[in-house]
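Take a look at the structure below.
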2 protein chains.
Amino acid sequence: MAKRAERPGDPAKLIGLLWRPTEAVSRSGLTPKVITRAAIALADQEGIDALTIRRVAGDLGVSTMALYPYIAGRSELLELMLDAVAAEVYAHTTPPAQAGQWRTRIEHIAQANWDHHMAHPWTVDIAAGRPVPGPGVSGKYETELSALDGLGLSDIEMDQTLTAILGLVSNAARETISLRRIRQESSLTDTQWWESVGPSLGKAMAGASYPVARRVAASLGEATGLATDPEGAFRFGLGMLMDGLGTLIGARGRHTL
Amino acid sequence: MAKRAERPGDPAKLIGLLWRPTEAVSRSGLTPKVITRAAIALADQEGIDALTIRRVAGDLGVSTMALYPYIAGRSELLELMLDAVAAEVYAHTTPPAQAGQWRTRIEHIAQANWDHHMAHPWTVDIAAGRPVPGPGVSGKYETELSALDGLGLSDIEMDQTLTAILGLVSNAARETISLRRIRQESSLTDTQWWESVGPSLGKAMAGASYPVARRVAASLGEATGLATDPEGAFRFGLGMLMDGLGTLIGARGRHTL
DNA sequence: ACCTGAACACCGTTCAAGT
DNA sequence: ACCTGAACACCGTTCAAGT
């Protein structure tokens with residue numbers, strides 16, 4: 001974990017980059033969009049740790065410092081990347097009719113975000129600070145809120161419901177992705193890992209006893225072959241959340257409709 | 001983001017460190033526990049980026065390389081830290097009676113985990129891979145599953161429900177913490193940030209129109225003064241989740257009880 | 001047996017210099 | 001106007017050497 005001397009990032013400059021990126025092509029062919037595209041391709045293929053300014057510049061065939069006038073710095077580049085992929089989340093998708101079942105609309109949102117995280121795994125590595133004030137993120141937010149509009153929720157409840165749904169998705173995605181990475185790096189399969197850990201763990205745990213945990217872990221292992229099943233947890237959790245939302249909407253409906 | 005040459009980490013060695021750490025005190029006074037404690041103190045105060053092997057060694061007054069025989073490497077140290085703080089989550093807490101309301105028990109779990117993340121903000125920065133096979137994490141898991149036991153859920157449903165609850169908590173915690181960090185670093189207050197972003201954003205967005213997003217953002221701004229309210233979303237989401245769980249348990253109760 | 005220090009192959013960003 | 005290269009102050013981990 002290097003110090004990396006990262007600057008906070010200038011919001012006004014960022015707005016310009018997000019909404020009115022320079023289209024003018026200089027002698028090297030660099031533009032904010034070209035750089036952002038190269039950075040996304042790199043992060044998709046090799047992960048966030050491989051995403052260094054030096055590497056992106058190398059991939060584009062220019063010196064490291066050539067990028068700075070176009071992207072301001074690393075944190076701005078990350079925001080440009082997030083906004084660019086956010087614009088694609090619902091691009092290749094036909095949304096369910098607004099007149100139909102709200103459960104279908106919510107499942108559509110959850111699935112699109114799940115697919116999004118799987119297509120761009122680095123999205124789960126970037127800590128969301130203040131919202132990215134760009135066209136991609138704004139359009140995504142508009143699409144998602146619209147699916148929750150007209151159910152009888154207050155504006156704030158709409159935002160909170162959406163946050164809860166997306167939180168469930170990104171949490172499961174984060175765990176799934178980091179499990180996947182560890183599997184790749186460790187060169188141990190899950191079975192091998194358990195074989196390596198199991199016996200010493202059994203001996204080490206000899207004194208202590210965790211009756212419920214032991215029972216649940218055994219059931220999980222039988223059913224999934226794993227000690228943890230983030231995607232299953234996400235689908236189950238989403239179902240419960242929608243059941244709760246149904247109760248809330250239903251109760252209001254009796255009063256207000 | 002440096003390459004950092006991080007090794008995957010040896011599971012068998014880790015088990016030993018977690019369950020039977022060397023108590024023998026060498027001439028420097030180093031033990032796994034002493035090192036882990038120093039690392040936690042550093043991460044609590046200065047964050048995960050400040051947690052370097054070099055810094056921990058410096059704080060302990062030894063050379064960098066003196067730590068390696070005791071902790072194996074950085075990734076093992078992180079797991080030792082996670083297990084140590086996991087053991088503290090319910091330590092200073094009186095759990096609600098198992099005979100009482102299950103909602104109370106779930107709220108207690110959620111609150112304890114929220115407090116835990118706030119006390120040790122670096123816990124949201126560490127990607128959970130395979131579960132940490134230590135006494136702290138195992139004890140925490142046992143406590144939490146016990147609170148969900150006997151409700152009529154299957155073992156797998158118990159695990160998935162718990163994952164959903166903890167996911168909601170850690171997601172809200174992660175957003176709250178990274179917002180807090182950005183506020184500290186940027187030296188711009190939220191109001192100043194909006195004043196800096198607002199006008200240029202208004203001009204930039206002139207063409208596009210996001211009617212629902214605009215309305216919801218305005219309501220959020222009025223109510224909370226913020227563009228995002230992770231903690232509110234977490235409490236609202238947890239309520240919905242528990243409503244859904246209640247429906248599920250109730251429906252089964254009618255059949256099975 | 002335990003600890004140290006140099007070396008390796010990296011970071012993001014600055015600044016002055018080149019074309 | 002646009003791009004380059006050296007420099008700064010860092011990383012985790014290796015290995016051989018010291019006490």
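Keep in mind that this is a model prediction, so the values were computed, not measured. Per chain, numbering begins at 1; letters A, B, ... match sequence-line order.
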Tell me the interatomic distance from [X], atom [atom1], to [N], atom [atom2], rounded to whole angstroms.
X	N	atom1	atom2	result
B/Leu51	D/dC10	CG	C1'	15 Å
A/Arg27	C/dG18	CZ	P	16 Å
B/Ile53	D/dC10	CD1	P	17 Å
A/Leu67	D/dT4	CG	C1'	12 Å
A/Arg74	D/dC10	CZ	P	19 Å
A/Ile71	D/dC2	CD1	C1'	16 Å
B/Asp49	C/dC11	CG	P	16 Å

**Message:** Taking pairing as Watson-Crick or G-U wobble with both contacts under 3.5 Å, can you name the mate of C/dC8, or confirm there isn't one?
**Reply:**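 Because both required distances fall under 3.5 Å, C/dC8 counts as paired with D/dG12.
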**Prompt:** Does C/dT19 have a Watson-Crick or wobble partner in any strand here, with both distances under 3.5 angstrom, and which is it?
**Reply:**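 Paired with C/dT19, as far as the under-3.5 Å criterion goes, is D/dA1.
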Student check: side-chain heavy atoms of [X] and [Y] closer than 4.5 Å:
X	Y	answer
A/Thr176	A/Met118	yes
A/Phe234	A/Val169	yes
B/Tyr141	A/Val216	yes

**Prompt:** Is B/Asp125 salt-bridged to B/Arg181, cutoff N-O under 4.0 Å?
**Reply:**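 Between B/Arg181 and B/Asp125 there is a salt bridge, with a charged N closer than 4.0 Å to a carboxylate O.
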Go through [options] for me and flag the one nearest to the [X] side chain.
X	options	value
B/Val62	C/dT13, C/dT4, D/dC2	C/dT4
A/Ala66	D/dT14, D/dT4, D/dC11	D/dT4
B/Leu30	C/dC11, C/dC3, D/dC2	C/dC3
B/Met65	C/dC2, C/dA6, D/dC2	C/dA6
B/Tyr68	C/dC3, D/dT13, C/dC15	D/dT13
B/Arg54	C/dC3, C/dT13, D/dG12	D/dG12
A/Tyr70	D/dC11, D/dC3, C/dT13	D/dC3

**Message:** Taking only side-chain N and O atoms of B/Ser28, does any of them lie within less than 4.0 angstrom of OP1 or OP2 on C/dC3?
**Reply:**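 Checking C/dC3 against B/Ser28, a side-chain N or O does come within under 4.0 Å of OP1 or OP2.
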**Message:** Does a side-chain N or O of B/Thr64 approach OP1 or OP2 of D/dG12 to a distance below 4.0 Å, or not?
**Reply:**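 It does not, given that no N or O in the side chain of B/Thr64 lies less than 4.0 Å from OP1 or OP2 of D/dG12.
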**Request:** Scan B/Ser63 against the nucleic acid and name what it touches under 4.0 Å (heavy atoms): base, sugar-phosphate only, or nothing.
**Result:**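 Touches a base.
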**Message:** Among A/His117, A/Arg174, A/His116, exactly one meets side-chain hydrogen bond (donor to acceptor under 3.5 Å, both in side chains) together with A/Thr123. Which residue is that?
**Reply:**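 With A/Thr123 as partner, A/His117, A/Arg174, A/His116 yield a single side-chain hydrogen bond (donor to acceptor under 3.5 Å, both in side chains), made by A/His117.
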